[in-house]
Structure formats: C-alpha cells, structure tokens
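Numbers restart at 1 for each chain; the letters A, B, ... are given by sequence-line order, proteins then strands.
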Amino acid sequence: MLRAALSLLALPLAGAAEEPTQKPESPGEPPPGLELFRWQWHEVEAPYLVALWILVASLAKIVFHLSRKVTSLVPESCLLILLGLVLGGIVLAVAKKAEYQLEPGTFFLFLLPPIVLDSGYFMPSRLFFDNLGAILTYAVVGTLWNAFTTGAALWGLQQAGLVAPRVQAGLLDFLLFGSLISAVDPVAVLAVFEEVHVNETLFIIVFGESLLNDAVTVVLYKVCNSFVEMGSANVQATDYLKGVASLFVVSLGGAAVGLVFAFLLALTTRFTKRVRIIEPLLVFLLAYAAYLTAEMASLSAILAVTMCGLGCKKYVEANISHKSRTTVKYTMKTLASCAETVIFMLLGISAVDSSKWAWDSGLVLGTLIFILFFRALGVVLQTWVLNQFRLVPLDKIDQVVMSYGGLRGAVAFALVILLDRTKVPAKDYFVATTIVVVFFTVIVQGLTIKPLVKWLKVKRSEHHKPTLNQELHEHTFDHILAAVEDVVGHHGYHYWRDRWEQFDKKYLSQLLMRRSAYRIRDQIWDVYYRLNIRDAISFVDQGGHVLSSTGLTLPSMPSRNSVAETSVTNLLRESGSGACLDLQVIDTVRSGRDREDAVMHHLLCGGLYKPRRRYKASCSRHFISEDAQERQDKEVFQQNMKRRLESFKSTKHNIYFTKSKPRPRKTGRRKKDGVANAEATNGKHRGLGFQDTAAVILTVESEEEEEESDSSETEKEDDEGIIFVARATNEVLQEGKVSGSLEVCPSPRIIPPSPTCAEKELPWKSGQGDLAVYVSSETTKIVPVDMQTGWNQSISSLESLASPPCNQAPILTCLPPHPRGTEEPQVPLHLPSDPRSSFAFPPSLAKAGRSRSESSADLPQQQELQPLMGHKDHTHLSPGTATSHWCIQFNRGSRL
Amino acid sequence: MAVGRDGFVSQASLLRLHHRFRALDRNKKGYLSRMDLQQIGALAVNPLGDRIIESFFPDGSQRVDFPGFVRVLAHFRPVEDEDTETQDPKKPEPLNSRRNKLHYAFQLYDLDRDGKISRHEMLQVLRLMVGVQVTEEQLENIADRTVQEADEDGDGAVSFVEFTKSLEKMDVEQKMSIRILK
C-alpha cells in the first residue's frame with residue numbers, strides 16, 4: 001500500500017520530468033496572438049522541481065511516522081534511501097534514463113551547510129570541549145589511519161590479484177579512494193545516532209569526529225587528487241611537505257574563518273534591538289557566508305560553519321529576542337531535516353543509475369571488510385593511547401559502538417562523483433563501491449546499531465530536568481577543580497577553562513553582548529529563569545489551580561510531604577510571602593461546596609476569552625502580530641492574573657465589610673472565593689511580578705526612547721514574561737533596603753497620582769479605564785493600583801484630619817518601592833489597632849464596597865473598571881492634600 | 001621526606017605533590033601558611049579561592065603540613081574501579097569516595113560548620129558565583145529557590161543528606177576528580 005501511495009506521488013514528478021523535452025518545439029512557432037491560458041512550465045521548472053522533491057520527501061516522512069513500530073526499528077535514513085531507490089526506479093522506468101542525481105555542487109553548496117550549521121550551533125559546547133582531545137585524535141589520526149590503511153590494503157589486494165585487472169588503478173588511486181571512503185559522515189552519523197540514545201560522551205565523540213574530520217578528508221582528497229592528476233612520477237618531496245602543510249592551513253584556516261564570522265555575527269546581533277525581525281536571518285546569512293568563504297578559499301567549510309555555530313551561539317542567544325531564538329531553532333532544524341531527507345533520498349535515486357556503475361566484487365567486498373576492520377583497529381589503538389590520559393577511560397563497549405558507528409555517507413558519494421574519469425580510470429568501480437559502502441553502513445549498520453546498543457547495555461543518555469542545585473554545584477565544582485589545579489601547580493584543562501571564562505567575562509562578553517543580556521549569559525540565572533517560565537506555563541496551563549488547591553506545589557520542585565494545608569503556620573511557611581498576613585482569611589474553613597463554586601467561578605472567569613485590548617496595527621512588516629490563538633492565550637493568561645488580583649482586592653474588601661455591616665450572602669461567597677484565591681496569591685509565595693509578553697507590542701516606542709540609555713536595567717527585553725519571586729516573609733518585612741528592580745518589571749517606584757513613564761509602558765496602563773492594576777515586582781505583591789491609591793488616599797485623608805499636611809512631595813519620586821509593598825499586606829492587621837481606623841471609612845469606600853458586593857462575581861470586568869476606591873470620589877473629600885500625604889503613609893509603612 | 005598517611009595517592013603523585021609543597025613553602029618552614037597559598041596567582045581570582053584555602057586549615061589552625069596537604073588533595077583523586085570492588089567494610093572510606101568528595105564541597109558552602117547550608121550561606125556562594133549583572137534581589141530569589149528545591153524536611157536549610165540527594169544524578173566522581181592525582 002505504501003508503495004502504491006509513493007508511486008502515485010512519483011507519477012506527476014515523472015510526468016513533469018518529461019515536460020521540458022517536449023517544450024522546446026513550441027518557441028519556433030509564431031505566437032498565435034494573445035493567449036488566454038499559457039503554460040509556462042520551463043520558467044518555473046527548476047524551483048518547482050526542488051519544491052516537489054522536498055514535498056515528496058516530507059510526505060514520505062509523514063508516511064513513515066504513521067507507524068511507530070517501523071520508525072522505532074528502522075532509522076529514517078534507511079527508509080529514505082529505500083524510498084529513493086524506489087523513486088529512482090520509477091523515474092528510470094518512466095523516463096528511460098536517470099533524471100535526478102545527487103549533484104556534488106548542490107550537495108556541497110546547499111544541502112550540507114544547513115546540516116552542519118544545525119549540528120554546530122546546537123552542539124553542547126561544554127561536552128564538546130571536555131572531550132576535545134579525544135575528538136581531535138579520532139578525527140585527525142583516525143581519518144589519516146583509515147585512509148592510508150584502507151588505500152594500501154586495497155592496493156595490496158589488487159597486487160594479490162583479488163581485484164579484477166579491469167580496475168585500472170595504482171597505489172595513488174587507491175589512496176585517493178581510501179581518503180574519500182574513510183571519513184565518517186556527519187549526516188549519516190547524526191541521522192542514526194539521534195535515534196539511538198547513547199550516552200552523551202560517546203555521542204559527542206563519534207559526532208564530533210565526523211564533523212572535524214572534514215578538514216582531513218578535504219585535504220587528503222585534494223592532495224591525492226592532485227597527485228593523481230600530476231601523475232605519480234612527477235610528485236616531488238616538496239609536494240608531500242606541502243600536503244602536510246595544507247592540512248594545517250585547511251583546518252586552522254577553516255576554523256579561523258568560522259570564528260571570524262562568529263565574531264561578526266555576535267557583534268551584529270548586538271545592535272538589532274529595533275529590528276528584531278531580521279535576527280534569525282542574520283544568523284543564517286552570516287553562517288552561510290562563513291561556509292561559502294571557506295569554500296571559496298578552499299578551506300574546510302564544514303569546520304568553518306561548525307566553529308561559527310559553536311562560537312556565536314552563546315552571544316547570539318543572549319542578544320536576540322526570545323522569539324528570534326525560537327525561530328532560529330526551528331528554522332535550523334527544519335532546514336537541516338529537509339536537507340538530510342533530500343540527501344538520503346537522492347542517494348537512493350542516484351544509485352539506480354547503472355550507467356555510472358561498474359561492479360567488481362573483489363573491490364567491493366575488500367573495501368567493506370577493510371573499512372570495518374581498520375576502523376575497529378584504529379579505534380582500539382587510539383583509545384588505548386587516549387585512555388592513558390583520560391579521566392574516564394572509554395571502555396570496550398564504547399569502543400565497539402564507536403567502531404560500528406563509523407557510518408559513511410553522502411560526503412563520500414559526492415566526492416567520488418567529483419572524480420575526473422579521464423584521470424582516474426577506475427572511477428566507475430569506485431562509484432559502485434562507494435554506493436555499496438554507503439548503503440551498507442547506513443542500512444545494515446544503521447539497522448543493527450540499535451539492537452547492538454541494547455544488547456551491549458551501552459550507557460544511555462538520561463535526560464533530566466536541570467535543577468538550580470545541580471547548576472550551582474556544577475559551577476562550584478568547576479571552580480574547585482580549577483583552584484585545586486592551581487594548588488597542585490598543574491595547569492591542565494580546568495585551569496585553562498577557568499582562564500578562558502575569565503577572559504570571556506572580562507572582554508568578549510562585554511564586547512559582544514548587549515548589556516541587558518548579561519544576566520541571560522549567567523547560567524545559574526538562566527536555569528532559574530527557565531524554571532520560572534516552566535512553572536508559570538504549567539501554572540497557566542492548569543488554570544491556576546495548582547496553587548489554589550494545595551497551597552503551592554511548583555511543578556519543577558520535588559514534591560514534598562504534604563502538610564496540613566489549613567494550618568496557618570504551615571501555610572505561611574509554605575507560602576513565604578508577605579502578601580497576606582490576615583489570619584482571619586487563612587483560617588477560614590472552607591466547605592467543599594464553596595470550594596467547588598470557587599473553582600468553577602475561577603475557571604469561567606479565567607477561561608473565557610474577552611477581547612479587551614486593542615492591538616497595534618497588525619500589518620506591519622517589522623513587527624510580528626500575534627495570531628488570534630496566541631492573543632487568546634495571552635488574554636486568558638491575563639485573566640488568570642487579573643483574577644488573582646481580584647481576589648486580593650476582594651480579600652481586603654471583605655475586611656472592610658466585617659467592620660461595616662453584616663455581609664450579604666453573595667459577599668460571603670465572594671469571600672470564599674477570595675479565600676481560595678488569597679491562598680493562591682499567597683500560596684504563590686515566590687511572589688509574582690509579571691509583565692505580560694504582550695507588553696512588547698505596546699512598548700516598542702518606549703524602547704526606542706530608552707535606546708541610548710540601555711545601561712540601566714530598565715531596558716526591557718520584549719521576550720521576558722514572567723518572573724516568580726521567591727522571598728521569605730520575615731525578610732520582606734525586615735529588610736527595608738532599596739531593592740534592585742527586576743529588569744522585567746520596571747522598578748516599582750512610588751505610584752503618584754500621575755502615572756510614571758514606567759507605568760505608561762505597562763499594557764494595562766495604556767488605555768484609560770483599562771484594568772487598573774499595578775504589578776509590583778517584589779514579594780508576592782500583585783497589588784492592584786486602585787487598591788493602593790485608594791488605600792493610601794484613605795489613610796492620608798484620615799491623616800489630614802488628624803495631622804497638619806506636610807509637604808514632602810519631592811521625596812515621593814525617590815522613595816524606595818519597598819515600604820509600600822510590605823505595608824500593603826499588613827493593612828488588615830494593623831488597621832484595628834490603629835486608633836484612627838475606628839474613624840468611619842470615607843463614603844467612597846463604603847460605596848465602592850457595596851457596589852462591588854452587589855455587582856458580585858458575574859461582572860468581573862465591570863469590577864475592574866470600578867476602582868475600589870476611586871480617585872474621583874476622594875478628591876472631593878480632601879482636594880489637594882492627597883498627594884502631599886503619600887510620603888507620610890510610606891514612612892509609616894517602613895517603620896512598620 | 002614526609003609521606004602522606006593515607007597511601008591512596010600513588011608514589012608518583014606524592015612526589016609531585018611534595019615537590020609542589022616545597023615550592024609553595026617559601027621560607028622552608030616545613031609547613032604552609034595561608035599566606036603561602038594566597039600567593040598562588042590564579043587562586044586570587046577564583047571566586048572560591050579563599051574558601052578552598054581555608055579548607056586546608058581545619059579547625060582554625062594556622063599551618064598545614066604535608067600529610068594534611070595531601071589529605072585535602074586526595075579528595076580529588078579519580079575513583080578507580082578497584083577502589084569500589086575491593087571495598088573493605090572495616091577500612092574507613094577512602095577520601096576520594098563520592099561521599100567524601102561531596103562532603104568536601106559541602107564544607108565550602110557550610111561556613112559556620114553547623115551541618116547545614118542555610119539560605120544565607122547559599123546566598124553568599126551565589127554572590128561569588130553569579131556575575132555582577134544579577135541584582136541582589138534576584139540573587140536572593142535564586143538562593144531561596146535553590147534552598148527550597150533541595151530542602152526536603154522544610155527547615156529552610158540544606159543538610160548534607162539533602163545536598164547529596166540534590167546531586168544524585170550528577171556524576172560527582174567524575175566532576176570532582178583531577179587526572180594527575182591518580
């Protein structure tokens with residue numbers, strides 16, 4: 001059935017292939033006037049065919065993956081080669097000649113770079129450099145060894161008469177063949193090893209070798225090729241020396257080209273703040289430029305791209321926005337996967353073309369045996385030497401996998417196609433042998449390596465989520481080892497790595513990273529950040545109920561023994577937030593029914609999509625507008641957050657009511673909601689300062705305003721979403737220091753009646769009458785702005801009665817944000833003890849409160865729009881005094 | 001020639017260490033003082049340099065002799081297969097066992113030697129490790145999170161058991177070893 005489907009797919013292709021041959025007849029005829037319909041196949045032919053091939057390959061991939069059983073047993077590369085064979089057969093049958101080939105030009109210029117870039121860019125650099133010694137040994141010594149032994153052994157085979165005499169080849173020809181057949185192929189290795197999850201060290205050694213041996217392969221190939229072309233008689237001693245020298249030139253030159261472009265790339269992305277949209281493009285362009293430059297200078301292009309990807313990643317990732325990072329990642333993966341698919345398929349198709357073949361069993365069998373044997377021998381010998389120097393020796397099982405994992409692939413095929421038949425008379429035999437070797441290694445070895453790995457019980461890679469502890473301790477260990485090496489007086493690997501890191505910190509990063517990106521560079525911070533993001537995402541995914549139901553279990557944390565959640569002390573300990581110290585709230589025993597109600601209420605409240613915000617004109621080319629789904633997600637997220645703010649409000653709100661009048665039933669229910677939510681707010685101990693990502697879109701202008709002053713942390717990364725802030729209660733209350741702002745949220749300065757510019761940037765501040773909350777970045781505090789202003793003003797109005805107004809307005813702007821945050825939660829506690837609080841609440845308070853209780857839960861939006869204690873009402877009461885009394889309030893707060 | 005009491009370190013490394021010891025001991029006192037170690041250039045820039053120097057001087061002593069010197073460094077000897085195979089239960093655990101390696105690292109955190117890494121101690125380490133770009137408040141958040149992550153009994157501090165547990169997936173034997181100390 002599969003076959004039928006594939007042949008159906010192939011038919012239009014085959015038909016299309018015939019098209020151009022018929023076409024040329026038509027231009028000769030005079031044009032018959034205006035055509036209503038014109039068929040211009042030849043104008044689109046080339047790109048159309050390319051697109052079709054990729055489409056076919058992609059569809060084939062989908063088909064393969066329909067059955068999990070097949071793909072778990074057979075590597076994709078095998079399936080693709082087989083598919084290629086089938087397609088090639090069909091094309092051959094229909095067109096009577098082989099139409100499509102894996103052209104070396106196409107392969108080296110278009111298909112190979114994405115794969116190499118992908119592997120270089122996503123190479124785990126630490127692991128790579130940790131094993132660099134082994135990788136280099138295998139890549140250089142191993143490849144040389146393989147090339148020479150295989151070539152020499154084949155020549156010996158010919159001398160022994162086991163290769164048919166029609167294979168006209170001398171020692172040099174065999175060496176040339178050996179050099180091209182000896183290199184382990186990165187594409188094949190990657191394709192197979194990605195599915196076999198061997199441990200990281202083993203993978204990086206095999207894979208690193210396959211990438212780095214390109215330089216050796218290229219040199220060997222070129223040297224041998226020129227020797228063959230010169231004829232062995234004309235080769236002089238200096239040529240051999242030149243050959244050795246060119247090894248260094250090609251490899252080091254390639255690496256240098258790559259590093260130069262990595263530097264350029266990192267530097268360029270430093271300045272793309274206002275044109276985020278081209279960031280991914282820059283990455284691809286410069287990497288490709290590195291490849292082409294190296295190719296142009298006939299240096300090792302693979303090495304260049306690998307080094308470019310490896311070198312730039314750290315800085316580029318720090319510089320570009322989160323969205324660009326995702327784009328780069330996926331585009332790279334897509335391109336690489338496409339290229340890989342096409343390569344394997346074309347390999348299969350190329351093999352069908354028997355006109356280029358010439359079979360010689362002796363040669364084919366001999367090559368197969370020799371490459372396997374010498375690879376194994378080489379690995380064993382090199383490993384033996386390496387193990388004398390390695391901290392963790394490679395054991396026998398590793399060596400077996402390494403020998404067996406030496407897959408040959410498309411590079412060898414492309415190189416053998418490139419041979420000149422006039423100079424290398426045995427080319428056809430070599431082509432056939434290469435095809436067999438590639439097919440054998442990819443199909444037979446690719447098929448069997450998985451069972452082999454299982455059978456040998458090779459240590460598999462285990463993926464575990466990073467934890468802060470591991471990250472921190474790993475860094476400590478590094479420093480400890482570097483220090484111990486210092487003490488011992490041996491300047492080894494750790495010493496130099498430490499040195500490099502210091503150099504990088506001092507100079508390179510300063511130069512290549514924008515200042516706001518520094519913290520991303522710090523790995524501990526990075527892990528912390530990612531953990532937070534993950535928590536936030538899973539929190540939002542679960543509709544916020546993780547927190548409200550069990551106090552708090554952040555998903556990334558190891559689950560701890562559940563504590564009685566009603567216990568106040570436990571809750572406070574668990575939550576560790578200073579947000580809600582109101583014992584009354586926490587103590588309230590909830591009935592199951594109430595809770596259910598609350599849950600349902602919140603679900604509806606949070607889950608319903610209410611278009612609420614206007615977006616910037618959505619058809620700009622320079623800014624990506626979110627699609628509806630994304631916007632909706634965002635909306636839901638905000639609703640979630642808003643709901644929590646609501647609950648905060650309502651919690652307070654109830655307290656006012658306990659003092660004013662018996663609670664109507666609805667308020668009671670709201671209170672329960674509040675309870676559940678207060679817990680959420682406070683269960684979410686690690687405090688939540690959040691700025692919705694949507695802010696980006698709205699803050700573009702403000703970013704521009706600040707562009708020059710990007711020294712400060714107020715520069716906003718548009719991609720930073722959520723920051724959970726963890727903090728212990730007592731710390732919050734005791735430390736009255738000026739806390740540095742999170743760079744995500746602008747530092748919560750005092751909120752004067754007129755919004756600060758930081759506030760203006762906040763999305764919810766942008767529209768009048770929009771949700772009037774202010775999310776502070778400290779402690780737990782999601783403190784609604786209207787609450788704050790309302791509360792502060794009510795206090796100040798009280799004070800205005802009790803004490804003369806004092807004019808300290810200027811202090812306002814420089815007051816630390818902290819007191820407000822801490823003062824806020826304490827309000828309920830301190831209120832009763834305050835003699836002035838027995839004073840009747842301003843009418844505005846009571847009124848607003850009542851209106852809230854009446855409007856109740858089913859009108860959440862309206863509630864938001866009605867600030868609890870509005871400015872308007874208040875200014876009637878004490879016009880002009882409100883502002884001047886803020887500071888009094890704050891000072892008091894800090895004393896508390 | 002002074003010889004380390006624990007014969008775990010091979011003769012060759014012992015010689016090398018002794019050579020180094022004498023080079024560090026500037027006025028041939030026969031012991032090292034803090035000053036001697038502090039003069040190692042690269043150690044000064046190491047964020048943990050001071051703590052590591054301190055670890056050579058247990059219980060506030062002012063000098064470390066050669067056996068003491070070797071004993072500290074023996075923590076970093078790679079674990080070899082025969083070590084684990086011929087484990088004699090009567091013998092004390094070798095200094096380069098996983099547990100002892102971890103304990104050495106733990107000591108560096110635990111400044112007040114109360115067997116626990118408090119939040120404050122964690123913060124101090126973080127301050128050393130994380131660059132200046134991260135603000136103090138963020139550091140505190142990270143410290144909190146780190147402690148919470150490892151803290152299992154909820155005492156707000158990381159005990160050695162919890163410390164070990166938080167690293168159980170890490171290849172400590174490999175990451176806390178230096179090849180030349182074989």
Using non-hydrogen atoms only, which part of [X] is less than 4.5 Å away from chain A: side chain, backbone, both, or neither?
X: B/L108; answer: side chain
X: B/L32; answer: neither
X: B/R51; answer: neither

Toward chain B, the part of A/V488 with a non-hydrogen atom under 4.5 Å: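 Contact with chain B is through both the backbone and side chain of A/V488.
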Side-chain donor/acceptor of B/K101 to backbone N/O of B/M176, under 3.5 Å: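 Here the side-chain-to-backbone pair exists.
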Taking the side chain from B/D65 and the backbone from B/Y31, do they hold a donor-acceptor pair closer than 3.5 Å?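 Such a contact is absent between B/D65 side chain and B/Y31 backbone.
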Out of A/V392, A/T476, A/D130, which one racks up the most heavy-atom pairs below 4.5 Å with chain B?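 Sorted descending by pairs with chain B, the first entry is A/T476.
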Cationic N near anionic O, under 4.0 Å, A/D535 to B/R145: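 Judged by the 4.0 Å cut-off on N to carboxylate O distance, A/D535 and B/R145 do form a salt bridge.
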Apply the test side-chain hydrogen bond (donor to acceptor under 3.5 Å, both in side chains) to residues A/D498 and A/Y493: give CA-CA distance (whole Å), side-chain angles for both, the deciding distance (0.1 Å), then the verdict. CA-CA 9 Å; A/D498 212 52; A/Y493 172 67; over 6 Å; no
In Å, rounded to the nearest 0.5 Å, how long is the span from CZ of B/F21 to CG of B/D36?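 Nearest 0.5 Å value for the CZ-CG distance: 8.5 Å.
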